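Have a look at the structure below, then the notes.
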Amino acid sequence: MAVPIEDHVDLESLPKEERLARMRHSAAHVLAEAMVELMPEAELGIGPPIENGFYYDFRLPRALTEEDLKWLQKRMRKSLGRKVPFHMEAITREEAAERWKDQPFKLELLSELDDDSITQCTHAKFTDLCRGGHVNHTGELGAFKLTSIAGAYWRGSEKNPQLQRVYGILFETEEELQEYERQVEEARRRDHRRIGKDLKLFDLYEEVGPGHVVWLPAGTTIRRELMRWIEDLEIERGYQHVHTPVVGKRQLYERSGHWDHYQDAMYPIMERDGEEYVLRPMNCPHHIMIFDSELHSYRELPLRIAELADMHRWEKSGQLTGMSRVRIMTLNDAHIFCADEQQVESEVAGVLRLMEEVYATLGLKDYSYRLSKGDPNDTEKYVDNPPMWEKGEALLRRVLQDVGLEFDEADGEAAFYGPKIDVNFKTAAGKPETLVTVQVDFHLPEQFGLEYVGEDGGRHQPIIVHRGVISTLERMVALLIEEYEGNFPLWLSPTQAVVVPIADRHNDYAAEVAGKLRAARLRVEVDDRGDRMNAKIRDAQMRKIPYVLVVGDREAEAGAAAVRIRGGQDLGAMPIDDIVEKLRSERDTKALTP
RNA sequence: GCCUUCGUAGCUCAGCAGGCAGAGCGACGCUCUCGUAAAGCGUAGGUCGCCGGUUCGAAUCCGGCCGAAGGCUCCA
């Protein structure tokens, strides 16, 4: 027998987040109500609130169309006007089993509930198995829109059937809804794929292959600046750079364990003369070869081996995205061979400090640290060695705390051979991405039987720290494009200044000015095309070039140029020597703004 | 990989109840020689993603493949 549950809620008294969650979850109910009306055979999945809105999953007799979406939305709006109350009731397992006997997904959920926690929610003629959290009636739903249809696996596993998911956005007021849509539009403008194309930084060609980034001259300049910078920082911190081949033999990866744990993500095997090779997905084994090629004393540790190396990972086709998710990428990688845990701690701390310095220089603020742990129950995905995992996780946690960084923890996010610290950020479109990771690895030293000679003269096993700092150049540049909206700081700008002669007779002087800047290794162009000055300035602005140097009769006379900063500010005429000095200083300090 | 949508000039897009492939911007050429975000005129540029089918006739309808976008799963 259904027992009503008093659940009237004073929405105004709730925190905004809670209120929105109730509105969004309630909207999902109303969506399901509409769907059952549209297709009575619909099998219901789940309909939770999410960031910015809600969704509901259905198994349907046919694919949904845009027209269906419009119809559903209209039908939902009608519900709003009717102000139908939501009623929660506690029911028995038998009642529930009877009610949802034709709803396999609901029955599956039901089988996992305790007898005393089976509740249902009814509004109008629609009843759903539900733990609660609604508004009082459908008039309190707020402003919403159905936005898209997508496939989604039941309970998030690709082994399960795929359902059709309807997404909606929902806010308290129409104004907030519109503000959100404005933000989405703004994010679209920042999208690195769009800006990368506009500014001719990189391109992707169907013929070269999906996920294979082609860096154009302007993008290559950014890439080169980042490479030089990070390598210099690493040299200052005692790293040694190496260069190793992009292929490895099958045996190498069998020994490292990648063959078993990572093969799905590798390019197909190349076979010749009875040998099998793969394009490397990681270069840890290569660096391990270097370490293992001679016997090391504890005095040489920590040994830091670094390489900006191309990695090849066969990402699923549906997952490729611009430059932020690709198949061939240049990773700022390093492996630090440590003598003991104490050394690991100080090395990881050093890496974290380097990260903080690098991200501060780049002006990145919106990122977070996460301690990514393994899953002791998943011996398929992770190396089976519980004490090793515990030791590694505790160690990383300790270092994060010592360095004083805020972080959260997540299970089942580790590398197959050990726990890691992930640095995560969000793309312009709001999708989370991992920028880099730092991993503690007790596993590969074991696999490869690595040793060093300790103070006691005996053999000991080293511990490897795997780390990145600026991520892959692809992902970092994608992030920076979006962060700067294409307005790179001077040191990274592909073209740092354009000299604009006012009329043809100033071309010679313009070339002279450009020559002086070039002598200071500044990247400068002369725009001596036949256009009017205004058009050239506009063109430079569209190309997001930091400085425009206008030269006419007055400037030629004075040995000067009129300086205009990206964005429009006019600094007036300055002597060329002063301009060179100003730009050089701005470049060398890696200033974020002029 | 799976679900949905999409693919026309370098870019943004129109054309699609089947009947000669278009516009704006860009590029190139000529004229103008100009003072801080678009001078004027002209020219070139497309096997309509690819392959096949239906049809007298396909950019348009159908099928397969490739690629992209959003989502799921996976991940730096």
Side-chain angles (χ1 to χ4, degrees), chain A residues 55 57 60 63-66 69 147-167 188 191 193-194 197-198 200 203-207 209-211 262 264-265 281-282 311 313-322 324-327 329-333 372 381 413 415 420 422-425 429 431-437 439 466 468 470-476 478-479 500-507 529-542 548-555 562-573:
Chain A
Y55 68 77
D57 288 343
L60 304 170
L64 285 169
T65 64
E66 291 296 317
L69 219 56
T147 50
S148 60
I149 308 160
Y153 299 104
W154 168 241
R155 316 205 91 181
S157 167
E158 60 186 339
K159 295 187 183 81
N160 288 335
Q162 191 164 47
L163 311 180
Q164 296 189 66
R165 176 173 295 178
V166 177
Y167 277 98
R188 227 172 59 82
D191 191 312
R193 289 167 295 191
R194 184 186 183 81
K197 204 168 195 43
D198 284 351
K200 296 190 179 17
D203 210 345
L204 290 154
Y205 305 98
E206 219 175 302
E207 293 85 343
Y262 213 79
D264 282 354
M282 293 173 177
M311 304 299 162
R313 301 180 186 174
W314 195 264
E315 300 291 344
K316 294 176 181 176
S317 59
Q319 184 43 64
L320 301 170
T321 303
S324 64
R325 191 76 185 268
V326 300
R327 284 185 172 153
M329 68 213 92
T330 308
L331 183 66
N332 163 230
D333 202 10
S372 294
K381 188 172 171 187
E413 296 284 350
K420 56 183 183 167
D422 289 324
V423 182
N424 296 314
F425 71 101
K431 280 201 284 188
E433 290 273 26
T434 299
L435 191 59
V436 288
T437 66
Q439 297 158 16
H466 306 241
I470 58 167
S471 183
T472 67
L473 290 165
E474 287 75 14
R475 185 166 285 182
M476 176 52 88
L479 170 62
V500 172
I502 290 176
D504 286 353
R505 65 174 180 280
H506 308 120
N507 284 356
R529 294 173 304 174
D531 290 315
R532 280 176 52 207
M533 178 197 71
N534 281 315
K536 295 178 185 179
I537 289 172
R538 179 169 192 275
D539 189 56
Q541 295 292 342
M542 303 286 283
V548 176
L549 306 177
V550 177
V551 295
D553 291 332
R554 296 200 296 266
E555 287 76 16
V563 179
R564 182 192 160 107
I565 304 178
R566 179 172 56 197
Q569 197 193 342
D570 188 351
L571 297 187

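Letters A, B, ... are given to chains in the order of the sequence lines, protein chains preceding strands, and every chain is numbered from 1. Everything quoted here is computed from the prediction, not taken from an experiment.
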Check this for me: does any side-chain nitrogen of one of [X] and [Y] sit under 4.0 Å from a carboxylate oxygen of the other?
| X | Y | value |
| --- | --- | --- |
| R529(A) | D539(A) | yes |
| D198(A) | K200(A) | no |
| R564(A) | D570(A) | no |

Within the structure shown, what part of the strands sits under 4.0 Å from [X] by heavy-atom distance: base, sugar-phosphate, or nothing?
| X | value |
| --- | --- |
| Q164(A) | nothing |
| G468(A) | nothing |
| K420(A) | sugar-phosphate |
| R505(A) | sugar-phosphate |
| K159(A) | nothing |
| N534(A) | sugar-phosphate |
| D553(A) | base |
| I537(A) | base |
| V500(A) | nothing |
| L435(A) | sugar-phosphate |
| R532(A) | base |
| E555(A) | base |
| L320(A) | sugar-phosphate |
| A265(A) | nothing |

Self-check item: RNA chain B: 5'-proximal contact among G567(A) and L204(A) (nearest heavy atom)
Solution: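 Taking each residue's closest nucleotide, the earlier one in sequence belongs to G567(A).
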Nearest whole angstrom, please: distance from the [atom2] of [N] to the [atom1] of [X].
| X | N | atom1 | atom2 | answer |
| --- | --- | --- | --- | --- |
| M542(A) | A27(B) | CE | P | 11 Å |
| K431(A) | U73(B) | NZ | P | 12 Å |
| Y55(A) | U4(B) | OH | P | 19 Å |
| K316(A) | C74(B) | NZ | C1' | 4 Å |
| N424(A) | C75(B) | CG | C1' | 11 Å |
| E207(A) | C65(B) | CD | P | 20 Å |
| R325(A) | G1(B) | CZ | C1' | 13 Å |
| Q319(A) | U73(B) | CD | C1' | 9 Å |

Pick the [atom1] atom in [N] and in [M], then give their distance to the nearest Å.
| N | M | atom1 | result |
| --- | --- | --- | --- |
| U4(B) | A44(B) | C1' | 40 Å |
| C56(B) | C51(B) | C1' | 23 Å |
| U5(B) | G46(B) | P | 32 Å |
| G45(B) | U60(B) | C1' | 23 Å |
| U33(B) | G40(B) | P | 16 Å |
| C50(B) | A58(B) | C1' | 15 Å |

Spell out, as yes or no, whether a donor-acceptor pair under 3.5 Å connects the side chain of [X] to the backbone of [Y].
| X | Y | answer |
| --- | --- | --- |
| Q164(A) | D57(A) | no |
| R327(A) | E315(A) | yes |
| T321(A) | S324(A) | no |
| S471(A) | L435(A) | yes |

Nucleotide of [options] approaching [X] most closely (side-chain heavy atoms):
| X | options | value |
| --- | --- | --- |
| A152(A) | C34(B), A76(B), C72(B) | C72(B) |
| Q162(A) | C3(B), G35(B), A76(B) | C3(B) |
| M329(A) | G35(B), G1(B), A76(B) | A76(B) |
| A150(A) | G70(B), C74(B), C72(B) | G70(B) |
| A535(A) | U33(B), G70(B), A38(B) | A38(B) |
| T472(A) | A68(B), A76(B), C34(B) | A76(B) |
| Y167(A) | C74(B), U33(B), C72(B) | C72(B) |
| E206(A) | G71(B), C66(B), A76(B) | C66(B) |
| I502(A) | G1(B), C34(B), A37(B) | C34(B) |

Quiz prompt | Non-hydrogen side-chain atoms of I537(A) and M533(A) separated by less than 4.5 Å | solution =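 Answer yes - side chains close enough.
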Mate of [N] where both pairing distances stay under 3.5 Å, Watson-Crick or G-U:
| N | value |
| --- | --- |
| A58(B) | none |
| C13(B) | G22(B) |
| U43(B) | A27(B) |
| C74(B) | none |
| G7(B) | C66(B) |

Looking only at N and O atoms, is any donor in the side chain of [X] or the base of [N] less than 3.5 Å from an acceptor on the other one?
| X | N | value |
| --- | --- | --- |
| K536(A) | U36(B) | no |
| Q439(A) | A76(B) | no |
| Y153(A) | G1(B) | yes |

Does a nitrogen or oxygen in the side chain of [X] sit under 4.0 Å from OP1 or OP2 of [N]?
| X | N | value |
| --- | --- | --- |
| R529(A) | A27(B) | yes |
| R193(A) | A69(B) | yes |
| S317(A) | G1(B) | yes |
| R564(A) | A37(B) | yes |
| K197(A) | G10(B) | no |

Quiz item: With no hydrogens and no angle check, do the side chains of T437(A) and D422(A) hold a donor and an acceptor under 3.5 Å apart?
Solution: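 Absent: no donor and acceptor within the cut-off.
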Self-check item: Nearest heavy-atom neighbours spanning W154(A) and N160(A)
Solution: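 Shortest heavy-atom separation between W154(A) and N160(A) comes out as O-ND2, 2.7 Å.
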